[in-house]
Novice: 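If you scroll down you'll find the structure; I have some questions about it.
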Amino acid sequence: MPEIRHSVCALDCPDCCSLVLTVQDGRATRLRGNPEHPVTRGFLCGKVAQYLEREYHPERLLYPQRRVGAKGAGRFERIGWSCALDTIAERLRAVAEEFGSEAILPYSYAGTMGLLNGGGMDRRFFHRMGASRLDRTICSSAGGVGLTQALGVRYGTEPEQFRHSKLILAWGANILGTNVHLWPFVMEARRNGAKLYTIDPNRNRTGAASDKHFFINPGSDIALALAMMHVIVGEGLHDADYVERYTDGFTGLRERVRAWTPARAAELTGIAADEIVQLAREYATTRPAAIRLNYGVQRSERGATSVRAIALLPALAGSWKDVGGGLQLSTSQAFHLNRAGLERADLQQVALGREARMVNMSLLGQALTTLDNPPVKALVVYNSNPAAIAPNQNAVLRGLRREDLFTVVLEQFQTDTADCADIVLPVTTFLEHTDLYLAYGHYYLQMARAALAAPGETKSNVEIFRLLAGRMGFDDACFADSDDQMMRTLLDSPHPFLKDITLERLDREHSVRLNISEDGAPFLPFAEGNFGTPDGRCHFDAETLDYQPPVESRHGDAALKSKYPLELISPKNDDSMNSTFGHRNSVDLATATLHLSGADAEARDIRNADQVRVYNDRGACLLTASVDERVRPGVVCAPAVRWGKRAADKRNINALTSDRITDFGGGPTFYSCLVQVERSGD
Ligand SMILES: Nc1nc2c(c(=O)[nH]1)N[C@H]1C(S)=C(S)[C@@H](COP(=O)(O)OP(=O)(O)OC[C@H]3O[C@@H](n4cnc5c(=O)[nH]c(N)nc54)[C@H](O)[C@@H]3O)O[C@H]1N2
Ligand SMILES: Nc1nc2c(c(=O)[nH]1)N[C@H]1C(S)=C(S)[C@@H](COP(=O)(O)OP(=O)(O)OC[C@H]3O[C@@H](n4cnc5c(=O)[nH]c(N)nc54)[C@H](O)[C@@H]3O)O[C@H]1N2
Ligand code: SF4
Ligand SMILES: [Mo]
């Protein structure tokens, strides 16, 4: 008899879907979205609808392996777990002895969003080891800072409320591609007369399906936001009552935006002045109006301030008062779990008597090639594929190929990073281990027990770090914690949003709405101020709301621009997840593409489907041209990211991207990148 089991999609996606799995004789036969979940609503995105292909893929890593060939060549032999763990423990110990424990660097991101496997036993292990800490900036740290500067916290409008909106701005947000469970709410709103506008340099699926698409020059969003404020304030369209009661610094803002005429912003953004005026008027006078801001905007040099500028608009318009108003970038900070108890940063005191140094993950290339006192001598990678996803790839690869670097990679597939490992450890998928999940696009806390048996000799990250702690002789009680004990620790929080949410209840209900409002009433966090700032007000802080073009942009460094005249963005590919599905041919095809405008193609004698070489001072990469209407002249777009190993030149788009970091938050600037493109010899 087929059995029904519950799970949760662990991929790095705001939707954090509730899953229903059909299992027959221990094998999954069907995977679908839970029809009872208020946000998942019974459907899955295209990439995960086919997840069983990945789950049962013949290339899944099933056994520990040790490198036998040259670094990066990808030649390995099978070894036993005990040999693998002994070797790792021995090497880590030797590195710590010779260079100090901070010569060990963990490198992880969001291969799984599960809290135990994403940041539980691993954190305890590395803190106890006294290893360098990793500043996990690769995705959202700039936006996180910008949002916090504006709102004091990182949460906002519930996805379910978008159905009540009359105007939705998808601002650097490819809803259909990266947040598809918001789409039914958007469509419901549109059936009731709402308009959807997209603001994006790239006319993607969402842009093509919207009522109006504004092509904006990459990295120029602050200028647009300031000009919208100019119109709103200048025409008296702001909500004077809300501004008076719940904000601070309006006078300064009025002064600051006076000079930000639509004409000035038009020059910088590429959006016509009359369109800016119209957009500002519509935004301020349509009620309710909601902004779905996503992370595309903050992957530019002034990314944090861009997010802050946009996130101030709802306070000016008073739209936080409305059901279906406000703004959503992330909901993650509402979860208030006991992360400190899970991660145990205090264990650093045992190891070092102080906090360990911090290494910015967005600067991995530099860390591996130039860091000193101590240099990085051992690298443990899990939940991430830095050889493919980190900026300035040539520096990263140079570092990963250092003969004197000992590298361990915990993986499901033989990625580019795994090719550079000394030891590869095979890990379970989210269907095969237990975990607790917050979400960054809704307000439901979820738990999933292992739904399938672990294949081969795979183990979960939690189990691997538990075993390694044993090998290192760490006898602190926390290393013996079971998964359930770790989840209970996380839930042990005094915050009212988590009241009465227990492991037992999660076991029964799988998904539980946070106590963000009485009886499921709409959550209006800032309807009456209550911002997360010390005085509860939203601070405009207009003195620092300034705009400078990114160095790598059309209005930036003129010398660089004359050499590399095209602005490259490499946003998310619709049907994959960063590099996670890089083994699929369809994904490889989509991520080996460079979209460019007819004008830029013609000027370079490039035709559709030609092989092109994209290059700048950092590197080069071969792609296939798609001459289409997705971008305007001056911008090129390469959906990210493919497995470099599948390319003829063994590189992907991150061979071009820069390791300059954002204004705040130490984030990467993937989308501030000047390049040149040429037809490649054939
Ligand atoms: N299908 C799919 N879904 C995903 C992922 C994936 O790889 N594929 N990745 C997941 C991850 S890790 C994340 S962080 C989220 C991110 O989700 P998003 O933030 O939605 O993803 P991005 O593609 O980075 O950026 C969104 C949009 O911003 C646009 N953009 C780029 N530069 C600018 C700019 O300067 N201004 C403006 N206004 N727009 C700009 C891009 O063209 C893109 O259409 O998605 C998650 N979901
Ligand atoms: N050019 C460009 N580069 C980008 C981006 C971009 O938009 N453009 N986006 C950036 C962003 S937003 C992000 S978040 C990063 C994402 O970068 P990463 O977090 O590195 O994401 P993935 O490439 O999806 O790699 C995750 C890896 O984790 C593995 N994995 C999954 N589950 C588990 C598990 O339980 N245990 C272990 N050990 N491994 C597991 C998967 O097999 C996969 O290889 O990429 C960044 N890089
Ligand atoms: S990737 Fe996102 S949309 Fe797709 S199943 Fe997972 S959580 Fe849902
Ligand atoms: Mo991300």
Side-chain angles (χ1 to χ4, degrees), residues 8-19 33 40 43-49 51 54 107-114 117-118 138-140 143 170-175 177-181 198-202 204 206-207 214 216-221 224 292-300 303 306 310 362 381-386 388-391 409-413 415 417-418 425 427-430 432-433 435 439-441 460-461 464 550 569-582 631 637-641 652-654 656-657 668 670-673:
V8 173
C9 176
L11 297 188
D12 185 357
C13 169
D15 299 3
C16 197
C17 286
S18 170
L19 305 178
T40 306
F43 77 100
L44 297 176
C45 65
K47 54 201 174 285
V48 171
Y51 194 83
R54 180 176 171 87
Y107 196 92
S108 73
Y109 202 65
T112 171
M113 291 285 293
N117 284 283
I138 199 83
C139 172
S140 62
W171 199 321
N174 179 10
I175 298 171
T178 63
N179 177 205
V180 69
H181 290 83
T198 42
I199 304 171
D200 201 306
N202 167 22
N204 51 33
T206 312
F214 298 91
I216 187 169
N217 293 335
S220 69
D221 300 86
L224 176 60
R292 178 50 163 128
L293 173 62
N294 216 328
Y295 286 109
V297 166
Q298 51 99 61
R299 297 188 224 288
S300 66
S306 304
I310 296 164
S362 301
V381 182
Y382 52 102
N383 297 339
S384 186
N385 181 11
I389 63 87
V409 177
L410 286 63
E411 250 305 344
Q412 299 161 346
F413 276 76
T415 58
T417 309
L425 301 176
V427 296
T428 43
T429 66
F430 61 86
E432 300 156 0
H433 54 237
D435 221 320
Y440 62 98
S460 68
N461 293 343
I464 293 171
I569 57 169
S570 48
K572 309 302 185 195
N573 180 41
D574 285 342
D575 296 315
S576 53
M577 174 60 59
N578 305 311
S579 75
T580 292
F581 296 101
V631 287
C637 171
V641 292
N652 71 19
I653 202 66
N654 280 322
L656 285 303
T657 53
F670 289 114
Y671 306 167
S672 296
C673 179

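Just so we're clear, the structure is a prediction, and the values are computed from it rather than from any experiment. Quick note: numbers below take in every heavy atom, side chains included, and nothing from hydrogens, waters or symmetry partners. Nothing fancy with the numbering, it's 1 onward along the sequence. Whatever order the structure lists ligands and atoms in, that order sets their numbers, starting from 1.
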Novice: Could you list which atoms of ligand 2 come closer than 4.0 Å to a heavy atom of A640?
Specialist: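 The list of qualifying atoms is 1 (N), 2 (C), 8 (N).
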Novice: By number and element, which atoms of ligand 1 are closer than 4.0 Å to a non-hydrogen atom of N578?
Specialist: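 Within the 4.0 Å cut-off of N578, ligand 1 contributes 6 (C), 7 (O), 9 (N), 12 (S).
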Novice: Would a 4.5 Å heavy-atom cut-off, applied to side chains only, mark M577 and C45 as touching?
Specialist: no
Novice: Does F670 have a heavy atom less than 4.0 Å from any atom of ligand 2?
Specialist: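 It does; at least one heavy atom falls under 4.0 Å.
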Novice: With heavy-atom distances below 4.0 Å as the criterion, list the atoms of ligand 1 near Y295.
Specialist: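 In order of number, 19 (O).
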Novice: Would you mind listing which atoms of ligand 1 come within a distance below 4.0 Å of any non-hydrogen atom of S576?
Specialist: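 Once the distances to S576 are compared, the set is 1 (N), 2 (C), 3 (N), 6 (C), 7 (O), 8 (N).
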Novice: Just to check, does G219 reach to within less than 4.0 Å of ligand 1 when the distance is taken from its heavy atoms?
Specialist: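 A heavy atom of G219 does come that close to ligand 1.
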Novice: With heavy atoms under 4.0 Å as the rule, classify the contact between C16 and ligand 3 as side chain, backbone, both or neither.
Specialist: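 C16 to ligand 3: backbone contact only, side chain stays beyond 4.0 Å.
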Novice: Output the list of atoms in ligand 1 that are nearer than 4.0 Å to some heavy atom of N204, sorted by atom number.
Specialist: 44 (O)
Novice: Which ligand 3 atoms, with their elements, are less than 4.0 angstrom from a heavy-atom of H181?
Specialist: 3 (S), 8 (Fe)
Novice: Which residue owns the protein heavy atom closest to atom 4 (Fe) of ligand 3, what's the atom, and how far is it?
Specialist: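 For atom 4 (Fe) of ligand 3, the nearest protein heavy atom comes out as C45 SG, 2.3 Å.
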Novice: Can you tell if the side chain of I389 reaches within under 4.5 Å of the side chain of Y109, non-hydrogen atoms only?
Specialist: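 In short, these two side chains do not touch, never coming nearer than 4.5 Å.
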Novice: Starting from atom 6 (C) of ligand 2, find the nearest protein heavy-atom neighbour and note its residue, name and distance.
Specialist: S570 O, 3.5 Å
Novice: Is N383 close to ligand 2, meaning an N/O of one under 3.5 Å from an N/O of the other?
Specialist: yes
Novice: Can you tell which of C13, G177, G296, P201 gets a heavy atom nearest to atom 39 (N) of ligand 1?
Specialist: P201
Novice: Check S576 against F581 and note the closest heavy-atom contact, atom names and distance.
Specialist: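 Of all heavy-atom pairs spanning S576 and F581, the closest is CA-CD1, 4.0 Å.
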Novice: What's the shortest distance from atom 6 (Fe) of ligand 3 to any protein heavy atom, and which residue and atom give it?
Specialist: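 The answer is C9 SG, 2.3 Å.
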Novice: May I ask which of N461, N573, V641 has a heavy atom nearer to atom 38 (N) of ligand 2 than the others do?
Specialist: N461
Novice: So, is Q412 polar-close to ligand 2, with some N/O to N/O distance under 3.5 Å?
Specialist: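 Indeed, backbone or side chain, Q412 has an N or O that close.
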Novice: Do you know the tightest heavy-atom contact between T428 and S460?
Specialist: OG1-CA, 3.1 Å
Novice: For N117 and ligand 2, answer yes if some heavy atom of the residue is under 4.0 Å from a ligand atom, otherwise no.
Specialist: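 False for this residue.
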Novice: Can you pull out the closest protein heavy atom to atom 17 (O) of ligand 2? Residue, atom name and distance to 0.1 Å, please.
Specialist: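 Of the protein heavy atoms, I389 CG1, 3.3 Å lies nearest.
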Novice: Please state which option from S384, S362, P391, A10 has its nearest heavy atom closest to atom 18 (P) of ligand 2.
Specialist: S384
Novice: With N117, which of I464, V427, D435, L410 fulfils side chain to side chain contact (heavy atoms under 4.5 Å, CB included)?
Specialist: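 Only one option passes, and that is D435.
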Novice: Look at ligand 2 and say whether I464 reaches it with a heavy atom at a distance under 4.0 Å.
Specialist: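 So I464 does not count as touching ligand 2.
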Novice: Counting only N and O atoms by type, is there a donor-acceptor contact under 3.5 Å from the side chain of R54 to the main-chain atoms of T580?
Specialist: yes
Novice: Which ligand 1 atoms does D12 reach within 4.0 Å, using its non-hydrogen atoms?
Specialist: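 Listed by number with element: 10 (C), 11 (C), 12 (S), 46 (C), 47 (N).
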Novice: Evaluating non-hydrogen atoms only, which member of D200, N174, D574 is closest to atom 43 (C) of ligand 1?
Specialist: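 It is D200 whose heavy atom sits nearest to atom 43 (C) of ligand 1.
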Novice: Considering the heavy atoms of N654, write down every atom of ligand 2 situated less than 4.0 Å from one of them.
Specialist: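 Answer, ordered by atom number: 1 (N), 2 (C), 3 (N).
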Novice: Under a 4.0 angstrom heavy-atom cut-off, which atoms of ligand 3 come close to K47?
Specialist: 1 (S)
Novice: Any idea which atoms of ligand 2 are less than 4.0 Å away from a heavy-atom of C139?
Specialist: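 Close to C139: 12 (S), 14 (S).
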Novice: We want to know whether N174 and D574 form a side-chain donor-acceptor pair, criterion being a heavy-atom distance below 3.5 angstrom.
Specialist: yes
Novice: Under 4.0 Å from a heavy atom of P218: give me the atoms of ligand 1 that qualify, with their elements.
Specialist: 35 (O)
Novice: State whether the side chain of N383 and the backbone N or O of S108 hold a donor-acceptor pair below 3.5 Å, judged by distance alone.
Specialist: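 It does not hold such a pair.
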Novice: Would you mind listing which atoms of ligand 2 come within a distance below 4.0 Å of any non-hydrogen atom of H433?
Specialist: 35 (O)
Novice: What do we get for A110 next to ligand 2 when only non-hydrogen atoms under 4.0 Å count, side chain, backbone, both or neither?
Specialist: backbone
Novice: What about A390: any of its N or O atoms under 3.5 Å from an N or O on ligand 2?
Specialist: no
Novice: Please name the pair of heavy atoms, one in C9 and one in C16, separated by the smallest distance, quoted to 0.1 Å.
Specialist: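 Closest approach of C9 to C16: O-SG, 4.0 Å.
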Novice: Is ligand 2 less than 4.0 angstrom away from at least one heavy atom of A388?
Specialist: no
Novice: Quick check on contacts: which atoms of ligand 2 are under 4.0 angstrom from a heavy atom of T580?
Specialist: 22 (P), 23 (O), 24 (O), 25 (O), 26 (C), 43 (C)
Novice: Please list the nearest protein heavy atom to atom 26 (C) of ligand 1 with its residue and the distance rounded to 0.1 Å.
Specialist: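 Going atom by atom, the protein heavy atom closest to atom 26 (C) of ligand 1 ends up being G172 O, 3.2 Å.
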Novice: Under the 3.5 angstrom rule, does the side chain of D15 hit a backbone N or O of H181 as a donor-acceptor pair?
Specialist: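 Such a contact is found between D15 side chain and H181 backbone.
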Novice: Among M113, Q298, K47, K572, whose heavy atom sits nearest atom 23 (O) of ligand 1?
Specialist: K572
Novice: Would you say C13 reaches atom 4 (Fe) of ligand 3 with an N/O/S atom under 2.8 Å?
Specialist: no
Novice: May I ask you to list the atoms of ligand 2 that are less than 4.0 angstrom from any heavy atom of I653?
Specialist: 1 (N)
Novice: For atom 15 (C) of ligand 1, state which one of Y109, Y440, W171 supplies the nearest heavy atom.
Specialist: Y440
Novice: So is there a nitrogen or oxygen of P571 less than 3.5 Å from a nitrogen or oxygen in ligand 2?
Specialist: no
Novice: Looking at ligand 2, does any of its N/O atoms fall within less than 3.5 Å of an N/O of T415?
Specialist: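 There is no such contact.
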Novice: Taking heavy atoms and a distance under 4.0 Å, where does T428 meet ligand 2: side chain, backbone, both or neither?
Specialist: backbone
Novice: Quick one: look up the protein heavy atom nearest atom 8 (Fe) of ligand 3 and list residue, atom name and how far away it is.
Specialist: C17 SG, 2.3 Å
Novice: Going by the order shown, which atoms of ligand 2 are within less than 4.0 Å of some heavy atom of E411?
Specialist: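 So the atoms of ligand 2 that pass are 27 (C), 28 (O), 29 (C), 41 (C), 42 (O), 43 (C), 44 (O).
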Novice: Please check: side-chain N/O of T40 versus main-chain N/O of S18, any donor-acceptor pairing under 3.5 Å?
Specialist: yes
Novice: For E432, state whether at least one heavy atom is located under 4.0 Å from any atom of ligand 2.
Specialist: no
Novice: Can you sort out which atoms of ligand 2 are near M577, meaning under 4.0 Å from one of its heavy atoms?
Specialist: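 This gives 24 (O) as the contact atoms.
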Novice: Using a plain distance cutoff, I'd like to know if Y671 has any nitrogen or oxygen under 3.5 Å from a nitrogen or oxygen of ligand 1.
Specialist: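 Yes - when backbone and side-chain N and O of Y671 are compared with those of ligand 1, one distance drops under 3.5 Å.
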Novice: Hey, is ligand 1 close enough to R299 that some N/O pair sits below 3.5 Å?
Specialist: yes
Novice: Which one of V180, I216, T178, I138 has a non-hydrogen atom at the shortest distance from atom 45 (O) of ligand 1?
Specialist: T178
Novice: Between the candidates I569, D221, V297, which shows the shortest non-hydrogen contact distance to atom 36 (N) of ligand 1?
Specialist: D221
